[in-house]
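Here the structure is laid out as structure tokens; the discussion comes afterwards.
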2 protein chains.
Amino acid sequence: MQEMLQAKTQEQANGNQGSLLDKLRKLVLSGEYPPGAPLPELFLAEEFDVSRTPVREALKQLENEGLVEIRPKVGTFVRIPTRREIVELFQLKESLEGLAASLLARRGPVPELDRLKRNIEASEGAERRGDSAKYAELVHEFHWTIVNGSDNSKLREHYGRLMNQLAYHRIVLETVERPARMRASIREHQSVLEAILEKDPTGAELAMRGHVNASSLAAARIAPESPDVAGN
Amino acid sequence: MQEMLQAKTQEQANGNQGSLLDKLRKLVLSGEYPPGAPLPELFLAEEFDVSRTPVREALKQLENEGLVEIRPKVGTFVRIPTRREIVELFQLKESLEGLAASLLARRGPVPELDRLKRNIEASEGAERRGDSAKYAELVHEFHWTIVNGSDNSKLREHYGRLMNQLAYHRIVLETVERPARMRASIREHQSVLEAILEKDPTGAELAMRGHVNASSLAAARIAPESPDVAGN
DNA sequence: CGTACGTTTGATGCATGCAAGAGATGCTTC
DNA sequence: GAAGCATCTCTTGCATGCATCAAACGTACG
């Protein structure tokens with residue numbers, strides 16, 4: 001489901017039904033083409049049975065999204081953010097999600113609130129069952145629900161770009177959050193929802209920011225060292 | 001070295017350096033191509049003495065930046081945000097600049113602090129002289145100095161995208177801020193800088209957000225009605 | 001043996017040709 | 001005169017060819 005939301009956001013961004021861009025993005029985000037891997041236009045063109053031109057355009061878009069690096073006259077490579085960029089992105093994430101929670105709290109009764117409530121209940125179930133995969137999915141949905149519930153399309157856009165750049169580390173985050181922070185995280189989700197239900201924008205923002213910050217710390221701690229793609 | 005100029009239009013003589021993308025962006029942001037204006041690839045290609053291919057790539061980038069709208073098989077048009085989007089962007093602006101101020105406050109003594117101090121002094125001078133153009137420029141610089149001083153490249157990136165989309169309305173904001181909010185704005189700038197100098201991230205964030213919010217309200221109030229270019 | 005340098009290679013960057021679609025135009029018909 | 005329809009034009013979307021350039025390779029030389 002969250003895949004749908006993300007895809008829709010991206011399509012809004014490029015206004016194109018271009019499946020090629022989506023396919024390439026998916027391959028990069030999924031790690032099928034690992035960080036540092038070259039993405040020769042001709043190879044991709046043959047791979048997807050199109051000419052180099054649309055491949056080129058898609059790659060330029062991906063560069064703009066921060067997912068690949070185009071070195072002029074040399075080639076395109078899958079990009080992995082440096083540790084520093086990871087920290088920067090998490091700072092942004094905290095701010096944007098705080099804004100989203102605040103905006104949602106202002107909105108009064110909207111269907112998103114029920115969804116959040118059900119999400120938390122499902123998360124508790126997943127935690128009890130030890131179903132960490134389901135739990136990770138629910139966490140993802142929780143955050144996206146709040147962002148979407150903010151009813152701010154530009155915020156959605158920027159958040160989507162940000163999360164794409166963090167996608168590679170989302171796995172890490174989930175891996176590290178699973179054992180240690182499951183219960184704490186659920187409690188924090190509850191606090192966020194409480195503040196939203198009380199129509200307390202400031203409280204919701206602070207709760208959200210605290211939650212994101214706590215999660216980020218764990219992830220940033222184990223962020224992999226930044227390999228210099230060009231160095232090889 | 002690049003003096004060998006092929007007799008070209010004023011556009012090219014104007015921005016000699018910079019990529020085609022930058023030139024096009026400038027023309028859109030400056031309003032030279034007004035909102036709703038069509039941007040045919042062939043026309044631009046001849047205008048800049050290149051082929052359609054690089055023009056196409058640049059236009060796709062601009063679409064990704066939210067500055068133009070590409071209607072498939074129809075054409076590319078200069079995009080103007082709807083009033084709603086303006087409000088959304090200002091909400092984001094407040095959040096991002098708040099984050100920037102907070103981060104800067106954490107950083108200790110950096111050259112940006114002196115720059116901010118000098119900026120405020122110059123602003124006071126401009127205000128006394130009634131030099132509204134200079135004042136507007138200084139306001140712009142103040143905000144960018146804080147964002148750059150945050151030492152967060154991703155924040156800079158997102159903020160730049162955001163401000164590009166607001167560029168068209170920045171003029172409006174400056175126009176409306178000039179008579180009414182000059183002095184108040186300067187005081188708010190001072191408050192922001194004070195909090196930063198005191199290394200008070202929370203205070204700096206709140207001061208910044210209050211300031212941005214106050215400025216935004218005036219601008220949003222007179223934001224032009226959204227002409228639906230696409231007719232969709 | 002190590003270094004400097006000319007050559008080769010492989011990829012990109014751009015120009016151009018062709019086809020297809022959306023919208024405008026004008027003709028036909030009633 | 002108005003509505004419906006075929007056509008026509010202008011645009012984009014994509015394929016392909018050629019020039020260009022960075023990096024790798026191999027060779028000659030100190």
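Every chain is numbered from 1, with letters handed out A, B, ... down the list of sequences.
Side-chain N or O atoms of B:Glu88 include one that pairs as donor or acceptor with a backbone N or O of A:Ser153 at under 3.5 Å.
Going from atom CZ of A:Phe43 over to atom C1' of C:dG10 covers 16 Å, rounded to whole Å. Rounded to whole angstrom, the span from the CG atom of B:Leu42 across to the P atom of C:dC18 amounts to 16 Å. Residue B:Leu44 contributes atom CG, which lies 16 Å from atom C1' of C:dC14 at whole-angstrom precision. The CG-P distance, from B:Leu39 to D:dC10, rounds to 18 Å in whole Å. C:dC14 atom P lies 14 Å from atom CG of B:Leu59, rounded to whole Å. Atom CD of A:Glu46 is separated from atom P of D:dT16 by 11 Å (rounded to the nearest Å).
Below the 3.5 angstrom threshold, one finds no donor paired with an acceptor across the side chain of B:Lys73 and the base of D:dT11. Counting atom types as modelled, B:Arg71 pairs no side-chain N or O with a base atom of C:dG23 as donor and acceptor under 3.5 Å.
Within the 4.0 angstrom heavy-atom criterion, only backbone atoms of the sugar-phosphate kind lie near A:Pro72; the bases stay farther away.
With no hydrogens or angles considered, a side-chain donor-acceptor pair links A:Gln91 and B:Asn152 at under 3.5 Å. Side-chain contact of B:Ser19 with B:Asp22: a donor-acceptor pair under 3.5 Å is present, judged by distance alone.
With DNA chain D read from its 5' end, the first of the two nearest nucleotides for A:Asp49 and B:Glu41 is the one closest to B:Glu41. Positionally, the nearest nucleotide of DNA chain D for A:Glu57 lies more toward the 5' end than for the other of A:Glu57 and A:Val74.
A salt bridge does not link A:Asp151 with A:Arg156: every distance from a Lys NZ or Arg NE/NH1/NH2 to an Asp or Glu carboxylate oxygen is 4.0 Å or more.
Among D:dT12, D:dT16, C:dA22, the nucleotide with an atom closest to any side-chain atom of B:Pro40 is D:dT12. Of the candidates D:dT16, D:dT12, D:dA23, the closest approach to any side-chain atom of A:Ser51 belongs to D:dT16. The listed nucleotides are D:dA15, C:dA22, C:dT12; the one nearest the side chain of A:Arg56 is C:dT12. In this structure, of D:dA22, D:dG13, D:dG17, it is D:dG17 that holds the atom nearest to the side chain of A:Arg52.
An OP1 or OP2 oxygen of D:dC14 is reached within less than 4.0 angstrom by no side-chain nitrogen or oxygen of A:Thr53.
Atom CZ of A:Arg107 is surrounded by more than 12 heavy atoms from other residues, nucleotides or ligands within 6.0 Å.
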